[in-house]
Every structure is written in structure tokens, then in C-alpha cells.
Q: 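Dumping the structure here so I can ask a few things about it.
In this text, all values refer to a predicted model and were calculated from it rather than measured experimentally. Side chains included, hydrogens not; waters and symmetry mates left out as well; all remaining heavy atoms used. Atoms within each ligand, like the ligands themselves, are counted from 1 in listed order.
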Amino acid sequence: MCGIVGAVAERNITAILIEGLKRLEYRGYDSAGLAVLSEQGLERRRRIGKVSELQAAVAADPLLGKLGIAHTRWATHGAPTEENAHPHFSGHDVAVVHNGIIENHEELRDELKGLGYAFASQTDTEVIVHLIHHLLKTTPDLTAALKAAVKRLHGAYGLAVISTSQPDRLVAARSGSPLVIGLGLGENFLASDQLALRQVTDRFMYLEEGDIAEIRRDQVLVWDQAGEPVQRETVQHSEGAEAADKGVYRHFMLKEIHEQPAVVQRTLEGRLGKDHVMVQAFGPQAAELFAKVRNVQIVACGTSYHAGMVARYWLESLAGIPCQVEVASEFRYRKVAVQPDTLLVSISQSGETADTLAALRNAKELGFLGSLAICNVGISSLVRESDLTLLTLAGPEIGVASTKAFTTQLVSLMLLTLALGQVRGSLAAGVEAELVEELRRLPARLGEALAMDHVVEKTAELFADKHHTLFLGRGAQYPVAMEGALKLKEISYIHAEAYPAGELKHGPLALVDGDMPVVTVAPNNELLEKLKSNLQEVRARGGQLVVFADEQAGMSNGEGTHVIKVPHIADALAPILYTIPLQLLSYYVAVLKGTDVDQPRNLAKSVTVE
Ligand code: HGA
């Protein structure tokens, strides 16, 4: 979603702002802009499209200044036009960039129009800048004006504000949308994600919910939600800067697909004992809490929701624990009846996913036993607000279409299944030791699956000219089929739908013909024979089949049937392994179609708005 970068320094900061925006490009956006305080006063450049357009505009008509703010916008209110791009100005005195949504913008707009303000955009954001401008008339201090302004705002925001009246500072506010201060020597920075500032510093101060900050060259002051001055911890990030580099790969997505053996290894490290999962990996109180768990409720969105659906099969079949899974945007607005002793598990790559975070916050009143976050970002809101955490340790994921975050979520959820089963004594004898052994072998298996790259690349040719695809799976491979379909639609824009294979003849079979390839994720268990019958139903209607099947399942190519052999693996871990060739398939189809693989249209990386 939108990105914010800000800087206050003794040197010209335009290039720093642009480089910061480039590092946030992966989050998805439709326009970009920056404003600096130059010798002429507040000046800005805004462009629709890529940051490179903005960079070209600045090169053609340079901007020099030591104080500035910049933004990549993913439109929520008002079309992606230059007028709606941030920064927004009030006169030539105040400039604002904003991530999030101001829900009471209409009421504020009417009020501010009544005070004589003219609006230049359709955004919700513009009310903020005029409100601050208005407040500055009676409260000349910018920080004080911001403090007064946020009291009037309903909704979510990460804000950065500069004003000609106080050229030595940048002020910021966080509520529902993350912000981090980058600490330099005699210069300081602000961003919505530390990745944007890795070019200038490795020392960061994360703002918390409700914080207001005043950032000057040589001083940073922070006030908490109650308005009290606070000292936020300074953290040093020594690794991870290389994540913003594609290395030898053509796209971040391909790089991240290939990172999976290594990141899965990292997710497992320190969490496996000789023949058991280390329950304390979930936090010091995990054993006590897990012993009381009788049900699990999972909430998540998108790819993370699919990981949750796989976990339901595991939790019920291996650990005998009833589990429900729901998309967070539904769960948060529904009147939920909670079973006694239910653990709420939220799953999110960024830990800032607006709906998942709101579901967790609402759940606090619903009587859950406790909450566990499965998350990739240790300093995220989701982690801070949950009782227990298991970090997925996938490292920064830049491609908008999630890959390594998904497989590490699955690994984490398998660890959760075994940990809950262990504490509750509900696993069948020997299962934990056997799966711990299989998990140890998993990184090597994933490496073997990556070796299927060329076969899958060839298969992708079958899809490049198609408009629709069906994905089928059974059991825990059904959510894997859903994830495969999601990847394909996200990056190649081919309409793809996933069905449990048994549902085929209850409707989707009507769509099957020679123009609609059917991708099948075959199970290597008692469901295989049933699936083979479903495949016959497709073949009988002239449908082209692409079947991902265990090399030991005895399936082979036939007329209109392309079998892609996947390395053998224990049935329980098959969902993790089969995900790899499906990721590769969507990647190569997208490359053939020439779409923007890493930044697909209309999508954003971390969905911090509803
Ligand atoms: N509501 C603002 C900012 C949108 C945003 O944060 N997207 O992620 C706008 O539409 O400009």
C-alpha cells in the first residue's frame, strides 16, 4: 500500500526521498510525489505511474531542500490522478503525506469549506492539511497543531507534515498505519517501512499506536497516546539490507521462490528438539496456555488465509483439535459465538494487515483463551498485541505475490499443530518424532522441487493464451490449489478458480472444454483414486489436464494429460512441497504474458487499509 518517506538534514534530501520511494515500490502504488522546503518555499512534484516518472520530473526541473516528505499512493479515495497524488498542500504553507483512510473526511470537508478552504483533490487526506493549517492560526507550534488535529480524525493514519513556519522539523503521527524513524548523525528520517531508509541508516525507532513525533536534525521527541513524553527504544538492524536487491534473478518473486529452502531452514532452527517441537518457541507462557486449548480459531486474509485452511486439516487430523478458519474481513464484522477454551491464531506476513489486526483487537472482548500471531515482522502491531508469537523468519518479501511467506507460514503452522498435540497428548504414538524428522529433511526436498523449474516453465506455455483456468485439489491439497489459483490470477491476470475436486460435477464441470486447462494437485493418499475419477470426468469433456503428482503415485502422461512428477514426501508435508511448482507455474505464465510480475496492477503488498 502507500509508502511514506521523510527527511530533515543539512544536505539536499531529494535523492534520499526518491531512493526511499523506490525501495517502497514493491508495496504497490499508482502515483508518487514529493515536497521539499526549498529557498522558494514549499515546492512539489507529483506524477501518476512509477517513481521513475517522478524521478524524471525532478531531473528535468530540480528541487533542492534540506527538509522534505514523499509518498507513493495506492488510491482509496479519488482516482489515481496527479491532483490526488500526495503531498497535499494547504496554501503554500503546510504539506502532508498520509497512509490510511480518514473515515469522517466528508464532515471535516464541509466544516473546512465553511471556513473558506478550497479543495484541490478528491482525497480524504486533503482535510488533514487544511485542518492543520487552520489550527496553526491559533496554535502556531506545528507539533501542537498536529496533536490537536489528530483528535478530530477518525480512521487510520500514518502522517508526515512539514510547514514553512517551522523549517527545522518534520512532525509525524501514527494510528493504525506503521511509521518508523531512522536515526542518522546530524540528520533524521521517517518512513512507513525501515526498508526505505536502509540506504541512510541502520538505527531505527518504531513509533507505537497513538504516538506523535517531532523530528529535527539533532533531536527526536515522542509523545504517547495519552500525550505523555516517551522514550521509544532504538533498534539496530544489521542484516536484511540485501533484500532490496534482486541479485542474479530477473524478478524478486523468482528470487523469493528460490530462497524457500534456506528460509524454511531458518524457520525450523532452534524450534526442533531431537524428536519433538520445542513448545517454548511460541513464548514462555505457551505450554501453560496450550494445555488449556480445546479449539482453534484462525483469522487471516489472502494467501495467509490459505495457510490457515491447510492448518485446519493438520490440527483436526493430527492433533484432534477442532479448528475454524475465517477471512478476517468477515470475522471482524460478524457477531461471533466463541467456543470455550479457544485459541485465536492470526496469520499475516506484515503484521499490519488492517482486517487481521482489527479481528485480533475485536477478539479481545469475545472471550478467547488467548491469542497467537504467526507473522513475518517481529516489530509489527500484530505481534505486539498478541499473547504469543511465532515468527516465520522468511526475511523481507518484496514481490507483491507472496511465496516464501506462505511456505514459512505453513511450516510454522505445522510446528503449532505438533506443539498443541504434544502438550495436550493428542498425537498418535510416533507421529511427532516422524514429522520432526520429515521437517528436518524438508529444506532439501524443497530444493528438489525447485529443480522442476524447467519442466514447469515448458508447461506454462499451455496457459499463456488462455483466459480461464480451474484448479482442483482434495484434502489439504484443496487450499494449496486455492493458493495456486490466487497466484496465477494475481500476476498473470488469468481468471483462475479453485474447487475441491469432489465439487466438480456440482457445477464447474459445465465450464470445462478445450480452452480451459484444469490444474490438479494430486494427493498421495487414499484420496488419489477418487481424484483419478474426477480427472476422467474432465478428460471426457475434452479438458486439458495438468496434474502435479507424487513420483511414486504411478500416474503418467496420456492424451490431453500432462503429469508433472513431484519428489516423494510424507503426506502431511505435501501441501508445502506442492506449493513450489504452482508458484513457478504462475511465475512463468506471467513472464510469458509480459505482465509486471513483482508489482501486479491494482495490488499492494501489505494491505494496511480495509
Ligand atoms: N486515503 C488516501 C491514502 C490511501 C492509502 O493509504 N493507501 O494505502 C488516498 O486515497 O489518497
Q: Which ligand 1 atoms are under 4.0 Å away from a heavy-atom of H98?
A: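 Taking each heavy atom of H98 in turn, ligand 1 has 3 (C) under 4.0 Å.
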Q: Would you check, one step at a time, whether the test side-chain contact (heavy atoms from CB on, under 4.5 Å) holds for K487 with T303?
A: CA-CA 9 Å; K487 281 296 86 96; T303 288; 3.2 Å; yes
Q: N99 heavy atoms, cut-off 4.0 Å: which ligand 1 atoms fall inside?
A: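 With N99 as reference, the close atoms of ligand 1 come out as 6 (O).
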Q: Ligand 1 and A75, any nitrogen or oxygen pair closer than 3.5 angstrom?
A: no
Q: For a side-chain contact (heavy atoms from CB on, under 4.5 Å) check, start with the C-alpha distance between R73 and N84, then their side-chain angles and the critical distance, and finish with the verdict.
A: CA-CA 9 Å; R73 173 175 189 248; N84 288 335; 3.3 Å; yes
Q: Would one find more than 12 heavy atoms of other residues, nucleotides or ligands at under 6.0 Å from atom CD of E53?
A: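 Atom CD in E53 is packed in, count exceeds 12.
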Q: Check for a donor-acceptor pair, side chain of T14 on one end and backbone N or O of L63 on the other, with a separation under 3.5 Å.
A: yes
Q: Number the atoms of ligand 1 from 1 as they appear, then name those within less than 4.0 Å of a heavy atom of T125, with their elements.
A: 2 (C), 11 (O)
Q: For ligand 1, note which part of D124 has a heavy atom under 4.0 Å away: side chain, backbone, both or neither.
A: side chain
Q: Evaluate G100 for polar contact with ligand 1, using N/O atom pairs at a separation under 3.5 Å.
A: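 It does: an N or O of G100 is found under 3.5 Å from an N or O of ligand 1.
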Q: When only distance counts, is N84 in polar contact with ligand 1, meaning an N/O pair under 3.5 Å?
A: no
Q: Surrounding CG of L108 (heavy atoms of other residues, nucleotides or ligands, distance under 6.0 Å), is the total greater than 12?
A: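 Atom CG in L108 is crowded, with more than 12 foreign heavy atoms closer than 6.0 Å.
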Q: Is any side-chain N of the basic residue among R384 and E209 closer than 4.0 Å to the acidic one's carboxylate O?
A: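 No, no charged N to carboxylate O under 4.0 Å.
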Q: Taking only heavy atoms of R73, which atoms of ligand 1 are found under 4.0 Å from at least one of them?
A: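 Going through ligand 1 atom by atom, the ones under 4.0 Å from R73 are 9 (C), 10 (O), 11 (O).
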